[in-house]
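Below, chain A is the first sequence line, B the second, and so on; all start at residue 1. Keep in mind the model is a prediction, meaning the values are calculated, not measured. Only heavy atoms go into these numbers, but all of them, side chains included; no hydrogens, no water, no symmetry mates.
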Amino acid sequence: MLTGADRPLLEAPAVEVAPTLLGAVLTHTTPDGTVAVRVTEVEAYHGDGTDPGSHAFRGRTARNGTMFGPAGLLYAYFTYGMHTCANITCLPEGNASAVLLRAGRIVVGEALATVRRGGVAPVRLARGPANLASALGISLSDDGADVLGGGAYSLELARARPESIATGPRVGVSGDGGSAAFPWRFWLPGEPTVSAYRAAVRRVRSG
DNA sequence: GAAATGATCGTCT
DNA sequence: GACGATCATTTCA
């Protein structure tokens with residue numbers, strides 16, 4: 001398990017940290033029990049003004065303040081009126097950079113995760129960023145939690161670097177298509193828990 | 001199997 | 001007031 005002494009491992013740009021997190025195990029312990037997920041898919045987000053898809057693109061706000069904190073924090077945000085997504089922050093304090101946890105495989109607490117997800121098939125428990133957050137029991141109140149601080153969350157990196165890593169454009173990032181062109185999405189090929197790729201599409205308003 | 005669509009609310013402009 | 005780092009369901013093939 002990583003501790004505060006390991007924080008420098010995460011004090012790198014998101015594109016460098018993202019592949020490192022593939023195969024890592026994130027654990028969350030609550031009064032209900034413990035759920036751990038092996039990360040199989042991630043996306044990098046930057047805050048240096050070069051990434052229009054990042055929450056931090058327009059500078060620091062009340063919501064994205066955690067992205068500007070030190071590396072190794074949990075950045076939880078609420079979106080689409082009903083979903084919570086989880087990131088791990090990168091770079092030292094003052095720099096906005098984070099890795100979105102898009103999908104994973106439940107390795108501990110599958111029963112509890114299944115209850116939280118409403119009884120879906122195991123492979124679907126943490127497929128998709130909002131599903132992953134739900135399975136782990138991550139809520140907005142967990143925003144800013146230190147994953148390396150020995151609290152409710154803990155992180156364990158993969159012992160060996162994965163044999164192969166696939167990269168591609170990010171999912172669900174709308175805009176002029178510019179940011180989606182960068183291969184800032186990383187996943188473990190062959191993992192059934194990796195979410196299906198869907199190109200960013202601007203929603204059509206009904207009525 | 002693939003594509004379209006509603007749900008639902010915090011956040012930014 | 002508009003839209004979003006999404007998901008489950010419905011609809012069509």
Asker: Same cluster or not: A/L74 versus A/V35, using hydrophobic residues (I, L, V, M, F, W, Y) connected whenever any side-chain heavy atoms lie under 4.5 Å apart?
Answerer: yes

Asker: Under the 5.5 Å and 30° test, is A/Y45 stacked on the base of C/dA5?
Answerer: yes

Asker: Is any N or O donor-acceptor pair between the side chain of A/Y77 and the base of C/dA5 shorter than 3.5 Å?
Answerer: yes

Asker: Can you tell me how far P of C/dA5 sits from CG of A/L132, to the nearest Å?
Answerer: 17 Å

Asker: To the nearest Å, how far apart are A/R127 CZ and C/dA5 P?
Answerer: 22 Å

Asker: Under 4.5 Å between side-chain heavy atoms, counting indirect links through other Ile/Leu/Val/Met/Phe/Trp/Tyr residues: same cluster for A/W187 and A/W184 or not?
Answerer: no

Asker: Grouping I, L, V, M, F, W and Y whenever their side-chain heavy atoms are under 4.5 Å apart, do A/V99 and A/F68 come out in a common cluster?
Answerer: no

Asker: Ring-plane angle category for A/H55 and A/Y77, please: parallel below 30°, perpendicular beyond 60°, tilted otherwise.
Answerer: perpendicular

Asker: Round to the nearest Å and state the distance from A/L140 atom CG to B/dT11 atom P.
Answerer: 7 Å

Asker: If I take atom NE2 in residue A/H83 and atom C1' in nucleotide C/dG4, what distance separates them, rounded to the nearest angstrom?
Answerer: 11 Å

Asker: For a quick check under 3.5 Å, do A/S97 and A/N95 share a side-chain donor-acceptor pair by atom type?
Answerer: no

Asker: Among the candidates B/dT13, C/dT6, B/dC12, find the nucleotide nearest to the side-chain atoms of A/T61.
Answerer: B/dC12

Asker: Taking CE from A/M82 and C1' from C/dA8, how many angstroms apart are they, rounded to a whole number?
Answerer: 9 Å

Asker: Identify, residue by residue, the members of residues 97-125 of chain A with a heavy atom below 4.0 Å from DNA chain C, and return them in order of residue number, or none.
Answerer: A/L100, A/R102, A/R117

Asker: What's the CZ-P distance between A/R63 and B/dG10, to the nearest Å?
Answerer: 12 Å

Asker: Look at all strands and tell whether A/N87 reaches a base, only sugar-phosphate, or nothing, counting heavy atoms closer than 4.0 Å.
Answerer: base

Asker: Any side-chain N or O of A/N131 less than 4.0 Å from the OP1 or OP2 oxygen of C/dA8?
Answerer: yes

Asker: What's the closest nucleotide to the side chain of A/M67 if the choices are B/dT13, C/dA5, C/dT6?
Answerer: C/dA5

Asker: Output, in order, the C-alpha distance, side-chain angles, deciding distance and verdict of side-chain contact (heavy atoms from CB on, under 4.5 Å) for A/N131 and A/L125.
Answerer: CA-CA 7 Å; A/N131 289 336; A/L125 287 173; over 6 Å; no

Asker: Nearest 0.5 Å, what's the NE2-CG distance between A/H46 and A/D48?
Answerer: 7.0 Å

Asker: Once you round to the nearest 0.5 Å, how far does OG1 of A/T20 lie from CD1 of A/I88?
Answerer: 12.5 Å

Asker: Rounding to a whole Å, what distance do you find between A/H55:NE2 and C/dA5:C1'?
Answerer: 5 Å

Asker: Taking only Watson-Crick and G-U wobble pairs with both distances under 3.5 Å, what dot-bracket line describes DNA chain B, where [ ] shows pairs that cross earlier ones and | shows pairs with another strand?
Answerer: |||||||.||||.

Asker: Does the side chain of A/T27 pick up a donor-acceptor pair with the side chain of A/E156 at under 3.5 Å?
Answerer: no

Asker: Check the distance between C/dA5's C1' and A/I138's CD1 and give it to me in whole angstrom.
Answerer: 15 Å

